[in-house]
Amino acid sequence: MESDIKLIDDNGKRLDGRAPDELRKIKIEVGVLHRAEGSCYLEWGGNKVMVAVYGPKEALPRHTQNPLRAIVNARYNMAAFSVDDRKRPGPDRRSREISKVISEALEKVILLEKFPRASIDVNIEVLNAEAGTRCAGLTAAGVALADAGIPLKDIPVSCAAGKIDGHVVLDLGKEEDNFGDADLPIAISPRTNEILLLQMDGHLTVEEFDKALEMAINGCHIASDIQKKAIMDKYQSAPEVK
Ligand code: ADP
């Protein structure tokens, strides 16, 4: 969307003072909910997300079962109070789409064949939304799956890059998302750089797309290090099980 608001100044500084290739601050806490098999609370800039993982457990109703492998039900939900104008509670087109693409991304890293007929439920609750919630939700889901002890090929991680005032930048903030030119959220398996999710909103030239993709992959690796540190911090300090 075009606008008169200047999103990046002549020195390449953005509205919140970030450099073009700088992420917002990420904070991750592991295992915060005691009734879930695995959980994660994540803050990414102004985004606040809670993820709870349940399962693997018998998939119900039974017709949803796959005799060869587990199914993944990610459910993304934005709380009514998560945005300025109260959001109408309950699922809508946007949350169904995000739930679907996150489920498909997670299916690519979970060893599903180990759990035939089972379901793995991933509840993603967005408590505060300030652009980039699908990336924050998926990154938190990766940590919560690891916390649940679900066998994974890798811990999935997600980050976006985009274009504001004609410049390709990492991790769009709220105004940048509202008034910028394009947004490219991706998710990867950081060990192999396999793309698990790729969506695009707006227009990018081929060169801009390549630059944004490279930037988003770099952002994913930074977020991945924070995920791993949060998991290590929890499990290294946990008392030994006799
Ligand atoms: P993402 O959060 O993954 O970037 P979108 O690009 O669809 O997903 O949304 C961008 C931002 O727009 C959200 O993070 C949120 O801040 C805001 N937003 C989305 N849906 C609503 C809504 N129904 N009401 C108010 N703000 C919303």
Side-chain angles (χ1 to χ4, degrees), residues 1-3 5 7 14-16 18 20 22-28 40-51 74-106 122-144 156-165 168-188 195-204 208-209 212-213 215-217 219-220 222-224 226-227:
M1 200 196 300
E2 296 294 330
S3 84
I5 300 178
L7 298 169
R14 296 152 72 178
L15 285 182
D16 57 5
R18 280 188 290 153
E22 198 175 333
L23 280 179
R24 290 173 286 179
K25 196 170 180 305
I26 302 176
K27 198 182 112 188
I28 298 180
C40 174
Y41 172 69
L42 178 144
E43 292 182 3
W44 186 318
N47 293 313
K48 297 184 179 178
V49 182
M50 182 71 84
V51 174
R75 197 186 55 99
Y76 166 102
N77 182 50
M78 240 169 63
F81 50 80
S82 66
V83 286
D84 284 337
D85 313 313
R86 181 178 179 278
K87 183 199 162 282
R88 198 161 168 252
D92 52 19
R93 255 175 70 117
R94 178 177 168 276
S95 69
R96 283 197 194 94
E97 171 219 314
I98 297 178
S99 299
K100 181 171 187 289
V101 293
I102 292 182
S103 297
E104 289 168 359
L106 299 179
V122 182
N123 292 286
I124 301 167
E125 296 291 335
V126 177
L127 307 175
N128 208 74
E130 290 196 5
T133 57
R134 76 194 64 204
C135 296
L138 208 154
T139 300
V143 174
V157 64
S158 177
C159 183
K163 187 167 107 172
I164 54 168
D165 294 352
V168 175
V169 298
L170 186 63
D171 184 27
L172 300 191
K174 193 158 178 282
E175 290 77 15
E176 295 176 335
D177 186 276
N178 288 351
F179 304 110
D181 312 316
D183 191 15
L184 179 80
I186 65 160
I188 62 165
I195 303 277
L196 308 173
L197 174 150
L198 191 153
Q199 298 187 286
M200 190 163 101
D201 190 12
H203 296 281
L204 293 173
E208 287 167 345
F209 176 85
L213 184 60
M215 234 183 206
I217 291 175
C220 282
I222 298 168
S224 170
I226 301 170
Q227 285 178 314

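One-based numbering, in listed order, for ligands and for the atoms of each. For reference, positions follow the sequence shown, starting with 1.
- Taking any N or O of Met78, backbone or side chain, none lies under 3.5 Å from an N or O belonging to ligand 1.
- The option with the heavy atom closest to atom 27 (C) of ligand 1, from among Asp201, Asp183, Asn47, Val83, is Val83.
- An N or O contact shorter than 3.5 Å links Ala129 to ligand 1 by distance.
- Some N or O of Ala131 is nearer than 3.5 Å to an N or O of ligand 1, by distance alone.
- In this structure, atom 7 (O) of ligand 1 lies nearest to the protein heavy atom Arg94 NE, 2.7 Å.
- The nearest protein atom to atom 4 (O) of ligand 1, hydrogens excluded, is given as Gly132 N, 2.8 Å; this is a heavy-atom distance.
- Checked options Ile217, Leu138, Val143, Thr139; the residue passing with Val157 is Thr139 (criterion: side-chain contact (heavy atoms from CB on, under 4.5 Å)).
- For the pair Asn47/Arg24, a side-chain contact is recorded, criterion being any heavy-atom separation below 4.5 Å from C-beta on.
- In terms of N/O distances under 3.5 Å, ligand 1 is approached by Arg134.
- Look at Glu104 and Lys100 and you find a salt bridge, because one of the NZ, NE, NH1 or NH2 atoms lies within 4.0 Å of a carboxylate O, short of that distance.
- The N/O atoms of Tyr76, backbone and side chain alike, include none that comes under 3.5 Å of an N/O atom in ligand 1.
- Looking at atom 12 (O) of ligand 1, its nearest protein heavy atom turns out to be Asp177 OD1, 4.6 Å.
- Proximity of Ile226 to Lys27: side-chain heavy atoms (C-beta onward) are nowhere separated by under 4.5 Å.
- No salt bridge links Glu125 with Lys48; every basic N to acidic carboxylate O contact stays at or beyond 4.0 Å.
- Contact check on Asp183 versus Lys163 returns no salt bridge, with no Lys/Arg side-chain nitrogen under 4.0 Å from an Asp/Glu carboxylate oxygen.
- Shown here, atom 1 (P) of ligand 1 is in close reach of the protein: a heavy atom of it lies under 4.0 Å off.
- Of the protein's non-hydrogen atoms, Lys87 CG, 3.8 Å is the one closest to atom 23 (N) of ligand 1.
- Remark: Arg18 engages Glu176 in a salt bridge, criterion side-chain N to carboxylate O under 4.0 Å.
- Panel note: side chain Ser99, backbone Tyr76; a donor-acceptor pair is recorded below 3.5 Å.
- Under 4.0 angstrom from ligand 1, the non-hydrogen atoms of Thr133 come from both its backbone and its side chain.
- Look at Arg88 and you'll find every heavy atom at least 4.0 Å from all atoms of ligand 1.
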Legend entry - Residues Leu127, Val49; criterion side chain to side chain contact (heavy atoms under 4.5 Å, CB included); working and verdict: CA-CA 6 Å; Leu127 307 175; Val49 182; over 6 Å; no
